[in-house]
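Naming: A, B, ... by sequence-line order, numbering from 1 per chain.
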Number of protein chains: 2
Amino acid sequence: MQTFTEENYLKTIFFLSIDIEVWVSTNALAESTNTRAASVSDMLKRLAEKGLINYQKYRGVRLTEEGERLALLVIRKHRLWEVFLAEKLQFGWDEVHVIAEELEHIRSERLVEKLDAFLGHPQFDPHGDPIPDADGQMPAFRYRKLSEINEGNTVIVTGVSEHSSAFLQHLDKSGIMLGCQVKVQEINRFDKSIHVLIDNQQTVFISHEVAKNLLVK
Amino acid sequence: MQTFTEENYLKTIFFLSIDIEVWVSTNALAESTNTRAASVSDMLKRLAEKGLINYQKYRGVRLTEEGERLALLVIRKHRLWEVFLAEKLQFGWDEVHVIAEELEHIRSERLVEKLDAFLGHPQFDPHGDPIPDADGQMPAFRYRKLSEINEGNTVIVTGVSEHSSAFLQHLDKSGIMLGCQVKVQEINRFDKSIHVLIDNQQTVFISHEVAKNLLVK
DNA sequence: TATTATTTTTAGGTTAGTCTAAATTTTTTA
DNA sequence: TAAAAAATTTAGACTAACCTAAAAATAATA
Ligand SMILES: [Mn+2]
Ligand SMILES: [Mn+2]
Ligand SMILES: [Mn+2]
Ligand SMILES: [Mn+2]
């Protein structure tokens with residue numbers, strides 16, 4: 001049985017080891033969990049003790065099978081609750097993450113499965129992220145970033161890699177949402193900002209910074 | 001901002017001061033929260049410090065206005081989540097309490113209000129308990145216990161004063177649920193057990209212990 | 001009312017999770 | 001490859017929430 005804090009560490013380690021394929025460093029964890037490196041070292045000892053991570057001093061850390069299973073379960077709960085909040089309670093996609101950060105720790109296997117069924121076994125959360133199944137299986141999609149698309153090409157927005165409400169609200173204002181069609185009309189050679197045509201309707205200006213966080217197919 | 005534990009203490013004090021109109025004792029709290037009296041003394045100092053209770057050493061404790069407001073908000077959340085679990089996710093009324101004990105601590109005003117709207121502003125939870133409104137107002141119903149009903153009378157089951165799954169499953173087996181009609185056919189003079197006719201269909205035997213925990217009108 | 005019993009509080013200790021400051025190890029660079 | 005820089009761990013402290021054992025206050029009883 002893990003504490004909320006332990007679950008959050010596992011989740012953070014999981015996401016960090018996707019980005020950087022190697023061992024996760026103490027400093028990276030400190031950064032992501034908003035704590036100090038000393039506190040992380042402390043916690044890593046505890047998680048290793050429980051068999052949830054492989055921890056080598058001064059080297060870094062990786063999840064064990066059990067640790068990864070638990071991380072994926074928390075991610076499953078997080079994303080299912082986000083779907084519930086967005087679809088059933090009409091929350092905006094910019095609001096759901098903060099609340100799901102709390103709901104993801106509710107402990108009840110039956111609750112997760114019943115929630116999943118109630119929502120119609122959704123495959124993706126409101127940000128386009130895939131929802132792991134009850135066994136922790138999750139499709140490893142290869143997304144491309146909008147910033148990698150060449151002039152003249154048309155793609156579909158399938159997700160975002162940044163979940164802050166500031167970013168999502170900015171997308172709302174620009175009229176960009178999941179599933180919309182985006183045609184790259186012109187790329188500025190100087191700052192890599194782009195003009196895109198959305199759903200064949202309005203043309204919008206998008207900075208490189210934003211384009212990097214838009215996932216498309 | 002209160003911790004989960006503090007919220008649980010407030011809720012417990014609230015319920016104990018309904019039962020016994022006077023000051024709530026340290027021992028009563030220790031009993032209800034499954035802790036030792038020494039730990040309760042500790043916590044009471046902290047809650048008093050925060051202005052959530054009036055605490056007089058060796059006397060006992062009462063909620064302040066703010067403390068009562070917070071207690072009622074937690075109770076509101078608890079009961080709304082119980083309705084969600086029972087009505088939307090098809091949990092049995094014997095299963096919802098344990099899960100709601102966790103969900104009641106999720107902090108988001110907007111979530112409570114949206115959940116309330118999604119459920120259609122329910123007035124009662126699956127056990128027949130009234131749900132406080134957003135301002136903490138809650139109808140103070142006077143229920144009678146089935147054990148106080150005289151032979152020959154017919155009443156409607158409106159609630160239960162015991163929420164253990166053992167008790168609720170026992171009621172399920174006896175075919176007793178909220179809203180059903182119960183006629184007291186015969187009261188045993190020796191052990192006060194009774195024979196009741198349910199919805200004019202089957203006759204069931206009910207012990208005094210069970211009858212005391214059935215609320216009727 | 002004096003003594004005993006009960007209730008409650010205080011004293012001192014533990015664990016999880018955090019912190020700062022100092023020590024140690026690893027990495028980088030000259 | 002030796003010195004400097006960066007990353008990491010250890011040492012020592014703090015808070016919330018609990019514990020046991022002992023002391024103090026209140027209540028009950030002879
Ligand atoms: Mn999220
Ligand atoms: Mn998401
Ligand atoms: Mn309940
Ligand atoms: Mn209830």
Is a side-chain donor or acceptor of [X] paired with a backbone partner of [Y] at a separation under 3.5 angstrom?
| X | Y | value |
| --- | --- | --- |
| B:Gln169 | B:Ala166 | no |
| B:Glu162 | B:Ser164 | yes |
| A:Ser32 | A:Leu29 | no |

Give the ring-plane orientation class for B:His127 versus B:Trp93, where under 30° counts as parallel, over 60° as perpendicular and anything between as tilted.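 If you compare the ring of B:His127 with that of B:Trp93, the planes turn out parallel.
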What I'd like to find out is whether the side chain of B:Glu101 reaches to under 4.5 Å of the side chain of B:Val98, using heavy atoms alone.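 Answer no - side chains too far apart.
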B:Ile131 versus B:Leu80: any side-chain heavy-atom pair under 4.5 Å?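 B:Ile131 vs B:Leu80: side chains touch.
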Tell me, please, whether B:Phe84 has A:Lys88 positioned over its six-membered ring: NZ or CZ under 6.0 Å from the ring centre and within 45 degrees of its axis?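 So A:Lys88 doesn't make the cation-pi contact.
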Going 5' to 3' through nucleotides 17-25 of chain C and flagging B where a protein heavy-atom sits under 4.0 Å of the base, S where only the sugar-phosphate is that close, and - otherwise, we get BBBBB--BS
Check the surroundings of atom CD in A:Gln123: do more than 12 heavy atoms from other residues, nucleotides or ligands lie under 6.0 Å from it?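 Count not over threshold, so no.
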Mind checking which nucleotides bracket the chain A contacts on DNA chain D, 5' to 3', with an atom under 4.0 Å from a heavy atom?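 Boundary nucleotides touching chain A, in 5' to 3' order, are D:dA7 to D:dT10.
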Grab the CD-P distance between B:Gln56 and C:dT9 for me, whole Å please.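 One finds 11 Å between P of C:dT9 and CD of B:Gln56, rounded.
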Is B:Thr26 close enough to C:dT9 that one of its side-chain N or O atoms is under 4.0 Å from OP1 or OP2 there?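 Answer yes for this pair, as a side-chain N or O of B:Thr26 is under 4.0 Å from OP1 or OP2.
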